[in-house]
Protein chains: 2
Amino acid sequence: MAGVAPSTVSFVLNGKGKQMRIRDEVATRIMQVAEKSGYEPHRMAVNLRTGQSKTLGLIVESISGSFFASLAKTIETEAERRGYNVVYCSTENNAQKGGELIRMLGRQMVDGYLITPAPGMEKEIQHLVQQHKPVVLMDSYFPSIKTPYVLINNFDGVQQGMKHLISKGFTKIGFVMVDVKLIQIEERLRGYVTALKDHKIPVKKKHILQLQYHKQREDSLRELQDFIEANSELEAIFFSTNYLGILGLEVLARMGLKMPDDIAVLCFDDHDIFRLYPPGISVIEQPIEGIAKTAIDLLMHQLDKNSTPLKKNAVELPGKFILRGSA
Amino acid sequence: MAGVAPSTVSFVLNGKGKQMRIRDEVATRIMQVAEKSGYEPHRMAVNLRTGQSKTLGLIVESISGSFFASLAKTIETEAERRGYNVVYCSTENNAQKGGELIRMLGRQMVDGYLITPAPGMEKEIQHLVQQHKPVVLMDSYFPSIKTPYVLINNFDGVQQGMKHLISKGFTKIGFVMVDVKLIQIEERLRGYVTALKDHKIPVKKKHILQLQYHKQREDSLRELQDFIEANSELEAIFFSTNYLGILGLEVLARMGLKMPDDIAVLCFDDHDIFRLYPPGISVIEQPIEGIAKTAIDLLMHQLDKNSTPLKKNAVELPGKFILRGSA
DNA sequence: TACCTGTGCTAAATCGATTTTGTAAAAATT
DNA sequence: AATTTTTACAAAATCGATTTAGCACAGGTA
């Protein structure tokens with residue numbers, strides 16, 4: 001349309017006009033034609049040629065979770081700022097699907113991966129790393145896999161919460177967790193145990209409830225209620241995830257227990273509900289924005305060919321204790 | 001690696017071996033080599049050649065919203081079942097960004113669009129439709145744009161709720177909405193007005209609050225509180241979106257009003273919080289799964305070249321009234 | 001024997017860009 | 001004036017697949 005060769009057009013549109021000594025007159029003409037005809041480069045062709053899709057893959061456990069929701073927003077914004085798209089995928093708590101997803105994205109679809117690892121994804125992630133694909137893990141990690149990760153300092157977060165409960169004079173504090181073998185869960189338990197020991201409070205096994213990861217909602221509720229009834233001496237309960245905390249609210253409501261007088265409640269990881277639910281649930285808030293930004297930074301660093309390997313490949317960000325009415 | 005030409009490999013791997021009369025012996029060898037070497041076709045190359053990305057674009061207002069969360073899950077599942085990926089994008093209530101997003105996806109990135117239209121996206125969507133891109137709208141639509149859409153029957157949904165309130169003997173019922181010019185909002189208002197008229201209850205303008213769409217959260221809360229204080233005779237309030245309902249909960253809590261005795265509350269569009277928040281908020285639930293499935297069906301139908309145009313291009317699904325403690 | 005028809009595969013064109021190499025014409029240098 | 005250098009582009013290769021056209025060879029037919 002501009003009466004020149006395709007290569008000439010390519011040079012001009014990619015800002016290499018000067019470098020290739022294209023006359024301003026010709027360059028201007030090309031730009032005008034492109035503008036007028038609404039030319040948009042064919043993504044696939046560009047991708048094929050350049051070998052880059054300018055797309056990142058974000059793999060999370062549940063796309064409907066609130067952790068994901070906040071994460072996705074920040075990551076999308078940050079990625080866009082750097083000229084990248086984001087493709088979201090959720091494993092929906094299905095290990096097998098996790099593997100498939102990664103493989104699917106791996107078909108040269110994405111330039112890099114942001115993953116919140118779930119049990120069962122270890123092998124697939126290991127595989128990616130071995131292929132030197134850029135990968136950053138968030139929220140958890142596998143000690144065996146040498147790739148950058150970002151997460152909240154779980155141990156310290158629980159400590160903050162426990163210190164508050166203890167400072168309020170509580171000594172009989174329950175701890176509710178899931179029985180999944182994940183670093184972050186173990187760290188939270190360690191925080192609980194350590195906090196008690198530091199204050200010379202005996203740790204009682206029966207004050208710790210390990211709920212099965214994948215039970216029916218109703219079964220979990222019952223199990224939780226049994227736990228609370230069996231430990232009527234408890235003055236406070238620390239829920240180690242917001243999912244558990246929400247179950248807790250439901251159980252306490254059923255039992256007619258009032259927070260914070262009948263029992264104090266503290267939860268790890270905030271949730272919309274906790275802000276609104278009377279009297280407001282105190283929580284350890286995750287620095288989600290920080291996690292997202294750091295993750296993108298770590299990923300971009302890997303994508304940037306001519307960059308020195310970072311030293312800080314394992315980032316732990318502090319959580320924030322938010323005091324509300326429940327504890 | 002198999003000692004044959006690329007074209008032969010292509011035929012075999014794409015199941016055209018028989019058709020192209022490739023010997024079983026050769027075909028088997030090719031399959032084995034492919035298997036052993038872990039061959040995966042290069043997505044971009046395939047896309048470029050076939051002209052299809054096998055990817056759908058899902059554009060929503062807010063990726064962190066609960067409507068989106070449920071929608072995304074179903075859509076992803078359904079899309080996957082049909083061999084498609086999904087790319088999510090959110091406009092984050094930013095009309096300008098909406099346009100950019102669509103254009104971005106439009107660079108031959110996606111084969112079809114699923115969009116929850118927001119004000120300001122009309123032109124861009126119109127553009128897509130004119131280019132004969134497959135588009136399905138959800139949750140709302142533009143009367144001027146001739147493309148399939150699916151949404152809840154807003155009018156009927158509100159009617160269901162209003163009938164319930166009226167059957168309880170309430171006659172002084174407030175209606176809280178936003179001032180956006182969107183079909184679904186207008187339909188909900190029409191439902192409210194019609195329900196009252198049908199029962200010979202006078203419609204009072206001052207019982208209808210139109211909140212400004214993009215105010216600060218605090219400002220909205222204040223405005224809402226003023227409204228409730230100024231209309232102390234109200235026996236019930238109908239919130240036309242869950243966002244408004246949540247604001248309502250916060251205001252009522254501040255004012256110390258108890259549901260349902262001090263005031264009854266009903267909300268359009270369910271939310272996690274409404275299940276848990278005592279005494280449970282009665283809602284009109286959106287048939288999100290149905291919307292998602294129908295939307296995918298409508299889109300697939302457009303993607304399927306050799307298919308007759310559907311007659312039912314405008315689908316309205318019924319909402320479901322869920323009775324909880326608040327009304 | 002000459003011609004036609006299947007068989008079983010390969011060569012080459014193609015998708016739409018980017019990038020390397022090439023090449024006339026103009027300008028500068030010897 | 002002859003040669004070299006620079007200018008300003010164009011031609012062609014390339015990315016990795018798919019798809020169309022083609023081409024030997026075997027067997028059948030006239």
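These figures come from a predicted structure and were not determined experimentally. Every chain is numbered from 1, with letters handed out A, B, ... down the list of sequences.
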Report task. Determine the minimum heavy-atom distance between A:Asp111 and A:Leu303, stating which atoms define it. Result -> O-CD2, 3.4 Å
Query raised in the report: For the helix from C:dT1-D:dA30 to C:dT30-D:dA1, how many degrees between its two end axes (five pairs per end), to the nearest 10°?
Result: 80°
**Report entry** Partners meeting ring pair (Phe, Tyr, Trp, His ring centres under 6.0 Å) with A:Phe67 (sequence neighbours left out)
**Finding:** none
Requested in this report: Indicate whether OP1 or OP2 belonging to D:dA10 is found under 4.0 Å from a side-chain N or O atom of A:Thr8.
Outcome: yes
Query raised in the report: Reckon A:Asn14 touches a base, only the sugar-phosphate, or nothing at all at heavy-atom distances under 4.0 Å?
Result: sugar-phosphate
Interatomic distance where [atom1] belongs to [X] and [atom2] belongs to [N] [whole Å]:
X	N	atom1	atom2	result
B:Leu48	D:dT14	CG	C1'	12 Å
A:Arg43	D:dG16	CZ	C1'	18 Å
A:Gln52	C:dA17	CD	P	18 Å
B:His42	D:dT18	NE2	P	12 Å
A:Tyr39	C:dT18	OH	C1'	10 Å
A:Arg49	C:dT18	CZ	C1'	5 Å
B:Met44	D:dT18	CE	P	15 Å

Query raised in the report: Taking atom types as modelled, is there a side-chain donor on A:Glu61 or A:Thr116 under 3.5 Å from an acceptor on the other?
Result: no
**Report entry** Sidechain-backbone polar pair: B:Thr77 side chain, B:Lys73 backbone, donor-acceptor under 3.5 Å
**Finding:** yes
Report task. Output all residues satisfying side chain to side chain donor-acceptor pair (under 3.5 Å) with A:Arg82, sequence neighbours left out; order by chain, then residue number. Result -> A:Glu78, A:Asp297
**Report entry** Under the side chain to side chain donor-acceptor pair (under 3.5 Å) test, residues paired with A:Asp139 that sit two or more places apart
**Finding:** none
What's the closest nucleotide to the side chain of [X] if the choices are [options]?
X	options	result
B:Val46	C:dA17, D:dT19, D:dA17	D:dA17
B:Phe11	D:dA10, C:dA17, D:dT20	D:dT20
B:Ala5	C:dA17, C:dT18, C:dT10	C:dT10

Scan [range] for pairs that pass ring-ring contact (aromatic ring centres under 6.0 Å, His included), counting only residues two or more places apart or in two chains.
range	value
residues 17-36 of chain A	none
residues 123-152 of chain A	A:Tyr141-A:Tyr149
residues 1-39 of chain A	none

Might you list the N or O atoms of the protein lying below 3.5 Å from N or O atoms in nucleotides 25-29 of chain C, with each pair's distance?
none

**Report entry** hbond_proxy B:Ser7 side chain to C:dA11 base (donor-acceptor, 3.5 Å cutoff)
**Finding:** yes
Query - Qualifying salt bridge (Lys or Arg N to Asp or Glu O under 4.0 Å) pairs, either residue in residues 24-33 of chain A, two or more places apart - result: A:Lys18-A:Asp24, A:Arg23-A:Glu25
Requested in this report: Name all residues meeting the side-chain contact (heavy atoms from CB on, under 4.5 Å) criterion together with A:Ala295; count only those two or more places apart in sequence or in a different chain, and write none if there are none.
Outcome: A:Leu114, A:Val136, A:Met138, A:Val150
Requested in this report: Sequence neighbours left out, what passes side-chain contact (heavy atoms from CB on, under 4.5 Å) with B:Val9? Give chain and number order.
Outcome: B:Val4, B:Leu13, B:Ile30
Report summary line: Taking for B:Leu13 and for A:Thr50 the nucleotide of DNA chain D with the nearest heavy atom, the one nearer the 5' end belongs to A:Thr50
Query raised in the report: Going by number, which of residues 15-26 of chain A have a non-hydrogen atom under 4.0 Å from DNA chain C?
Result: A:Lys16
Report summary line: Contacts of A:Pro6 and B:Val4 projected onto DNA chain C by closest heavy atom; the upstream (5') one is B:Val4
